[in-house]
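Input: a single structure, listed below in structure tokens.
Values below: all heavy atoms of this structure, side chains included; hydrogens, waters and symmetry mates excluded. Naming convention: chains lettered A, B, ... in sequence-line order (proteins, then strands); numbering from 1 in each chain.
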There are 2 protein chains.
Amino acid sequence: MRSKAVPDIVISRLPLYLRTLSHLAAEGKTITSSQELGQRLGLSSAQIRKDLSHFGEFGKQGTGYDIEFLQQQLKKILKVDRRRDVCLIGAGDLGHAIVLHHEMLEERGFHLVAVFDHNPRKIGKTIGHLEVIDSEAMPTIIRDQGIQIAIIAVPARSAQSVADTLVEAGIRAILSYAPITLNVPEGVQVQYIDPVIHLQHMTYYL
Amino acid sequence: MRSKAVPDIVISRLPLYLRTLSHLAAEGKTITSSQELGQRLGLSSAQIRKDLSHFGEFGKQGTGYDIEFLQQQLKKILKVDRRRDVCLIGAGDLGHAIVLHHEMLEERGFHLVAVFDHNPRKIGKTIGHLEVIDSEAMPTIIRDQGIQIAIIAVPARSAQSVADTLVEAGIRAILSYAPITLNVPEGVQVQYIDPVIHLQHMTYYL
DNA sequence: TAGATTGTTAATCGATTAACAATC
DNA sequence: TAGATTGTTAATCGATTAACAATC
């Protein structure tokens, strides 16, 4: 019998814990507590202990958590304990910004291996360390290299058909910057980034 | 007596409803239902009706919702029924991408009025329709123009001090692309965009 | 030892869902 | 009228919090 799945809302907080642990480590700390983590993140210490308890026991009573150790454990849980290949679709302004800041990805468990676009004027051009590849070659490259994660940075009108192609080629997780809800089969993960949604959320409180 | 506050999780869905209504309108539809909206967003129809019921009655039994009308009402609720000025701090690659795609903001209730940077090599340069202004002038401009919303696109190490300056100058809502939790006084809204958080969340399910 | 903090249980709190009368 | 869909109530479900024994 499979044990009950961990709630997605718990999973969604683990990357934040990981990020905060990096910051603490960068400040020279080696030990932290659920209280300190909670304070940094605006969460209760009980919630942090509860979240971690879904996966095991990582702390010591009276002492707290070893930062290095907890980082390793969280990386293992999130499956970012090894580098994961990512491809990017769309070599527009946003695509450029993403490629040029790929260290942000590399530092945190991802490796940007290819950029695709179908605009003939962009194909063959170099952005940072990567050459823009014709979208035609995308399925083959994704399949051959076993890439599982893709970032969509194309206009909203092309996003669904790009997503279809990606899924067909074997992509299992999509981060989309297009402001539309994508239709994907069961088992394919999708997350969205739409800055305007956040702005409109905040204006409610003005 | 003030009526009980609407849960933030409800507020966070309203921008998604608004976005989906635009899409339906763009497809030529004039009427929709809680069921159709739910289907598009992957939510139950009951949830959509419940969410809307916090603010009033916007539909007709047997018919559904007039798209145009519901859009207007949601815009009013979210206070994006008039254009809101936004300023941007950071004229790096990400800042460039944001300015060059400002139509995305304009179409959905925001108006990008200024870009700031403190790098002398960037000050005075033009990005799209805007000239990069020295950060020194930022507080004055924010105050004089009554800007309430800011987007932070600077490196993590400068984000907190930028936020402090913004708050001091009167900014009430901050959208930050820096991967750190910002400390701001009660009453100032902050939202974050960190693509890596989403990627790490998805890898859990791979 | 005394002080601190974990992991876990039970209680509380809040959000989602199902169901249906009202009514267009 | 018959069919459809809303707005709302009550029931269910799930997440957060408080509290504390265990123990470093």
Side-chain angles (χ1 to χ4, degrees), chain A residues 2-18 20-21 24 29-74 76-77 201 204, chain B residues 2-18 20-21 24 29-74 76-77 201 204:
Chain A
R2 221 143 105 44
S3 67
K4 189 105 123 306
V6 178
D8 184 62
I9 195 157
V10 171
I11 307 302
S12 74
R13 282 189 291 261
L14 301 185
L16 295 168
Y17 299 169
L18 194 48
T20 304
L21 288 169
L24 290 167
K29 294 214 171 71
T30 60
I31 300 281
T32 188
S33 64
S34 57
Q35 194 167 43
E36 186 174 38
L37 277 171
Q39 211 145 26
R40 296 256 181 161
L41 285 159
L43 304 172
S44 74
S45 64
Q47 177 157 81
I48 286 171
R49 294 199 302 279
K50 186 96 219 279
D51 283 355
L52 295 177
S53 77
H54 285 100
F55 305 97
E57 309 191 352
F58 307 112
K60 264 216 244 318
Q61 283 103 324
T63 311
Y65 302 92
D66 181 274
I67 290 176
E68 174 74 23
F69 176 72
L70 187 52
Q71 276 184 299
Q72 282 170 3
Q73 295 302 305
L74 286 175
K76 196 182 289 182
I77 292 165
H201 180 172
Y204 175 81
Chain B
R2 222 142 104 44
S3 68
K4 191 105 124 307
V6 178
D8 185 63
I9 195 157
V10 172
I11 307 302
S12 75
R13 283 190 291 262
L14 301 184
L16 295 168
Y17 299 168
L18 193 49
T20 304
L21 289 168
L24 290 167
K29 294 214 170 71
T30 59
I31 299 283
T32 187
S33 65
S34 57
Q35 194 168 44
E36 185 173 40
L37 277 170
Q39 212 145 25
R40 298 258 180 158
L41 286 159
L43 303 173
S44 73
S45 63
Q47 178 157 82
I48 285 170
R49 293 199 301 280
K50 187 94 221 276
D51 284 354
L52 295 177
S53 76
H54 284 101
F55 305 96
E57 310 191 353
F58 306 111
K60 265 215 240 318
Q61 282 103 324
T63 310
Y65 301 92
D66 180 274
I67 290 175
E68 174 74 23
F69 176 73
L70 187 53
Q71 276 183 300
Q72 281 169 2
Q73 295 302 307
L74 285 176
K76 197 181 290 181
I77 292 164
H201 180 171
Y204 175 81

Would you list the protein and nucleotides 9-15 of chain D atom pairs, both N or O, that sit under 3.5 Å from each other?
none

### Sub-4.0 Å heavy-atom contacts from residues 31-39 of chain A onto DNA chain D, ordered by number
none

## Note on the structure
Output field dot_bracket for DNA chain C (Watson-Crick or G-U, both distances under 3.5 Å, | for other-strand pairs) contains ..||||||||||||||||||||||

### Task
Measure the spacing between CD1 of A/I48 and CG of A/L14 and express it to the nearest 0.5 Å.
10.5 Å

### Query
Does anything in residues 41-62 of chain B pair up under side-chain hydrogen bond (donor to acceptor under 3.5 Å, both in side chains), and if so which pairs, sequence neighbours excluded?
B/R13-B/D51, B/Y17-B/D51, B/S34-B/R49, B/S45-B/R49

### Message
With a sphere of 6.0 Å drawn around CD of A/Q35, does it hold more than 12 non-hydrogen atoms of other residues, nucleotides or ligands?
### Response
no

### Selection: residues 51-62 of chain A, any non-hydrogen atom under 4.0 Å of DNA chain D
A/K60, A/Q61, A/G62

### Task
For residues B/I77 and A/Y204, report the shortest heavy-atom separation together with the two atoms involved.
O-CD1, 3.3 Å

## Note on the structure
Taken to the nearest whole Å, CG/A/L43 to C1'/D/dT17 is 13 Å

### Within 6.0 angstrom of A/E36 CD, more than 12 heavy atoms from elsewhere
yes

### Query
Atom OG1 in A/T32, atom CG in A/L70: separation rounded to 0.5 Å?
8.5 Å

### Query
Looking at CD1 of B/I31 and CG of B/L24, how far apart are the two atoms once the value is rounded to the nearest 0.5 Å?
11.5 Å

### Task
Give me the residues of residues 63-74 of chain B where at least one heavy atom lies under 4.0 Å from an atom of DNA chain D, by number, or none.
B/T63, B/G64, B/Y65

#### Entry: Closest contact, heavy atoms only, B/P15 versus B/I11
CD-O, 3.0 Å

### Task
Working to the nearest 0.5 Å, report the span between CD of B/Q71 and CG of B/D66.
9.0 Å

### Pairwise side-chain contact, B/Y65 with B/L52, heavy-atom cut-off 4.5 Å (strictly under)
yes

### Message
Tell me whether A/K29 at atom NZ has more than 12 heavy atoms from other residues, nucleotides or ligands lying less than 6.0 Å away.
### Response
yes

### Message
Check the phosphate of D/dG7 against B/R49, side-chain N and O only, distance under 4.0 Å to OP1 or OP2. Yes or no?
### Response
no

### Task
Respond yes when some side-chain nitrogen or oxygen of A/S44 is under 4.0 Å from OP1 or OP2 of D/dT17, and no when none is.
yes

### Query
Parallel, tilted or perpendicular: which fits the ring planes of A/F69 and A/F58, with parallel below 30° and perpendicular above 60°?
tilted

#### Entry: A/E68 and A/T30, any side-chain heavy atoms less than 4.5 Å apart
no

### Query
Is there a side-chain contact between A/F55 and A/L74 (heavy atoms, below 4.5 Å)?
no

### Intermediate values then yes/no, side-chain contact (heavy atoms from CB on, under 4.5 Å), B/L37 and B/L21
CA-CA 8 Å; B/L37 277 170; B/L21 289 168; 4.1 Å; yes

